[in-house]
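Structure first, commentary second.
In what follows, chains carry the letters A, B, and so on, assigned in the order in which the sequence lines appear, proteins first and then strands, with residues in each chain numbered from 1.
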Amino acid sequence: MDHEKLADLLFPEIDKTPEDYENIYPPRELPEGAKVTRLGPSPTGFMHLGNLYGAFVDERLAHQSGGVFYLRIEDTDDKRYVEGAVDVIIDSLEYFGIAFDEGAAKDGEHGAYGPYTQSERGEIYRAMAKYLVKNGAAYPCFMTEEEIASMRETQQKAQAAPGVYGEYAKCRDLSYDDVKERIDAGQSWVLRLRSDGDPDEPAEIKVKDAIRGMLTMPENCQDVVILKANGIPTYHFAHVVDDHLMRTTHVVRGEEWLSTLPIHVELFSKMGWRRPVYCHTAQLMKLDENGNKRKLSKRKDPELRLGYYKEMGYHPAAVREYLLTLLNSNYEEWRASHPDADIDDFPFTTKKMSTSGALFDINKLNDVSKDTLVKISAEDLFAFMLEWAEEYDPETASILRGRESYVGPILDLGRSGKKPRKDFVNAPQMFDYISYFFDERFEIRDEAPEEVRGDEKAILEKYLETYDQSDDQNDWFGKIRGIAESLGYAARPKDFKKEPDRYKGHVGHVSQVIRIAVTGRAQSPDIWEIQQILGEKRVRERVRAFADSFE
RNA sequence: GCCCCGUUGGUCAAGAGGUUAAGACGCAGCCCUCUCACGGCUGAAUCAUGGGUUCGAUUCCCGUACGGGGUACCA
């Protein structure tokens, strides 16, 4: 068999060789140790948490080492292409602070290693495929779908491994004339790798994984398809060609690729190229609908969809912070000792990554979010909340718009000092938390405590009599103590605790009535401070109205 | 079915052949306190399982169970 002739028959229009491309895409000139990573999403328009998770690893690895992080669109599966998907990918990652240095972009492409869209790299793949054919490492296969299906049946009966290999690889040794005849007859063909693996006794190969350590697996022995009938490469071939030519040093991808790794190993060796370092990440999981502690990775789970966090009003910094705690087990410790450090200063390493899938924990996200938001200025929080509302809650947006100077101090209530309040989790929750500051949203939500039953009106009337907006906090509370005592309540909670029979209740119960009158709820930050913001007129109105509701 | 990866409290997890098996979230209780939050303290709760190897194994080896992934001209 003359491989050279076969190669020309199969790829008559290709005159470039791998060397040509080596020259077009020379090794990158980067500082020692710089890593080149990439994100290779398929343009389905659906991004999930896992994509972000992986993108973080890519981004950190590259930028921490002074390397390059680029975006490559892997659209070799034409059936799945969704219009506008590239913009979605870029936008949703940008929201979480992930930016690419190179590759596909909204305004075209940037970089010297393009094209960065696989559907535009056809000639390159074909040239590389031609090279393989020339070396006898690949061959055309004319098996039809039906043939393959029946072959699989046979294999099943024989309890043999499925796939095209060994004796099942019928087209492996077709003669040149045979091939030519079939092609001339218009038969469609795919290009298969001629695997060197021994199907009977596959040798053991060892591959180092930056996350998992040394992996031991059987060598590949399948004659996998590398070019489909339509001339488009499969993922396996595109991965090998692109990551070599784009000079990727570290391939970060999900663990679902682990079992096809031997194919990639063989392809790299057949091409005579050095492999990148593989980093196979664990998959993110969740609890199932029944609350069972089952791990699963359904793509459709709403909280796995990336847009979900934006819609739910989670601040991107909080999501980033949370993801990092999942990503690197020592992150929380680092954060605790560097509370104000920039997140990018954290020394990220693949060695500290978990090899088992983490369950997404909304509780933890909420907690991390509280800690994150407490460090953000009221000004920025307001902008964030408004921006969220403009997109997802127009009514709230209309309330907030233009009221920054009013809302700022509200957001800062109790947030200063050594023990700042950590009340805020996400945008809608933040607004709800402060909504009583807006007359159009003010409502009485909670009931006064039992201890004051029957005394509500008296408490509120007395409060109105003594209320003076210009009192300082001590004077103000002193007056409430006075009211409490005059009505038979303990001026101090401790007195009440000591002698519960002597009093109806204590000053806390009394002030609770006032709290509800002013805020509508049983829990709030400091009432005095709230009243300073609300202004005397509104305070009096609200107290009056609440007093009048008791007869 | 076969192949690959994984399994430390409810969750995220550190960890090493001999430890009282860290820490965080959540939960319970207490303290602080005009409520809540914050903060502080205390507590309940873990090495999937059966065999080996070993003086000793949660840690190493083998099997089992469970979970995840693959087994495509999807990625």
Side-chain angles (χ1 to χ4, degrees), chain A residues 40-42 44 74-80 141 143 145 148 152 155-156 159-163 188-192 202 209 212 215-218 222 224-236 238-239 253-262 280 282-283 285 287 293-297 322 325-326 329-333 335-336 352 354-368 370 374 413-415 417-424 433 446 449 477 480-481 484 491-494 506-512 514-516 519 521-528:
Chain A
S42 58
T44 57
E74 309 207 335
D75 55 350
T76 55
D77 184 9
D78 42 2
K79 277 160 269 172
R80 300 216 298 190
C141 171
M143 288 173 85
E145 273 181 52
I148 291 176
R152 194 165 295 142
Q155 289 170 330
Q156 230 160 41
Q159 294 208 304
S188 89
W189 53 277
V190 300
L191 196 72
R192 286 186 186 276
D209 184 289
R212 288 157 195 269
L215 299 168
T216 307
M217 18 186 49
Q222 296 269 345
V224 291
V225 174
I226 58 180
L227 286 186
K228 308 182 216 175
N230 58 10
I232 294 174
T234 55
Y235 169 86
H236 310 300
H239 149 58
R253 46 153 59 157
E255 63 184 338
E256 70 269 21
W257 294 109
L258 232 27
S259 45
T260 50
L261 186 53
H280 288 98
Q283 301 285 278
M285 323 253 180
L287 294 174
K293 294 143 220 160
R294 287 279 168 80
K295 290 175 179 178
L296 64 152
S297 59
Y322 172 63
T325 67
L326 285 186
S329 51
N330 53 335
Y331 178 75
E332 281 189 272
E333 217 171 282
R335 176 51 88 197
K352 286 288 184 183
S354 171
T355 53
S356 55
L359 226 47
F360 181 81
D361 185 357
I362 193 83
N363 265 331
K364 187 78 179 186
L365 203 217
N366 287 159
D367 179 71
V368 169
K370 285 181 183 175
V374 80
L413 267 180
R415 287 216 310 156
K418 282 188 293 290
K419 295 182 192 173
R421 301 183 67 90
K422 296 177 182 173
D423 294 319
F424 302 134
Y433 192 81
D446 295 321
F477 196 65
I480 295 179
R481 286 210 158 102
R492 284 161 213 286
K494 278 192 173 145
H506 62 74
V507 67
H509 300 123
V510 172
S511 57
Q512 203 58 346
I514 297 162
R515 182 185 311 279
I516 291 168
T519 69
R521 13 190 130 165
Q523 291 116 306
S524 79
D526 187 82
I527 309 174
W528 181 81

Between [options], which one does the side chain of [X] approach most closely?
X: A:Lys364; options: B:C34, B:U33, B:C25; answer: B:C25
X: A:Leu258; options: B:C4, B:G68, B:C73; answer: B:C4
X: A:Lys494; options: B:G69, B:A37, B:C32; answer: B:C32
X: A:Trp257; options: B:A75, B:G23, B:G6; answer: B:A75
X: A:Pro420; options: B:G6, B:A24, B:C38; answer: B:C38
X: A:Lys370; options: B:C38, B:C73, B:G1; answer: B:C38
X: A:Thr260; options: B:G6, B:G70, B:C12; answer: B:G70
X: A:Glu255; options: B:G70, B:C73, B:G68; answer: B:G68
X: A:Ser511; options: B:A75, B:C12, B:C34; answer: B:C34

Quick one: label [X] by what it contacts on the DNA or RNA (base, sugar-phosphate, nothing), any heavy atom closer than 4.0 Å.
X: A:Arg152; result: sugar-phosphate
X: A:Val190; result: base
X: A:Pro493; result: sugar-phosphate
X: A:Asp526; result: base
X: A:Ser329; result: sugar-phosphate
X: A:Arg521; result: nothing

What is the pairing partner of [N], taking Watson-Crick or G-U wobble pairs with both distances under 3.5 Å in any strand?
N: B:A44; result: none
N: B:G23; result: B:C12
N: B:G63; result: B:U49
N: B:U35; result: none
N: B:A75; result: none

Respond yes when some side-chain nitrogen or oxygen of [X] is under 4.0 Å from OP1 or OP2 of [N], and no when none is.
X: A:Arg415; N: B:C38; answer: no
X: A:Ser354; N: B:C12; answer: no
X: A:Ser356; N: B:G67; answer: no
X: A:Lys228; N: B:C74; answer: yes
X: A:Lys352; N: B:G15; answer: yes
X: A:Lys422; N: B:G39; answer: yes

Want to settle it: does A:Ser188 or A:Thr216 sit nearer the 5' end of RNA chain B, counting the closest nucleotide to each?
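Nearest-nucleotide comparison on RNA chain B picks A:Thr216.
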
Residue whose closest nucleotide on RNA chain B lies nearer the 5' end, A:Ala160 versus A:Ala229
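The residue mapped nearer the 5' terminus is A:Ala160.
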
To the nearest Å, give me how far apart [atom1] ([X]) and [atom2] ([N]) are.
X: A:Asp209; N: B:C5; atom1: CG; atom2: P; value: 11 Å
X: A:Asn363; N: B:U11; atom1: CG; atom2: P; value: 13 Å
X: A:Ile480; N: B:C34; atom1: CD1; atom2: P; value: 11 Å

Do A:His236 and A:His239 pass the ring-ring contact (aromatic ring centres under 6.0 Å, His included) test, and can you show the C-alpha distance, the side-chain angles, and the key distance before you say yes or no?
CA-CA 5 Å; A:His236 310 300; A:His239 149 58; 8.5 Å; no

Does a side-chain heavy-atom distance below 4.5 Å link [X] with [Y]?
X: A:Glu332; Y: A:Arg335; result: no
X: A:Asp526; Y: A:Arg421; result: no
X: A:Arg192; Y: A:Val190; result: yes

Pair of N/O donor and acceptor under 3.5 Å linking B:C5 base with A:Arg212 side chain
no

Could you tell me if A:Gln512 and A:Arg515 have a donor-acceptor pair between their side chains, going purely by distance under 3.5 Å?
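There is such a pair between these side chains.
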
Is it the case that the side chain of A:Glu255 and the backbone of A:Ser356 share a donor-acceptor pair, with hydrogens and angles ignored and the cut-off at 3.5 Å?
no

Interatomic distance at P, B:A24 relative to B:G40, whole Å:
9 Å

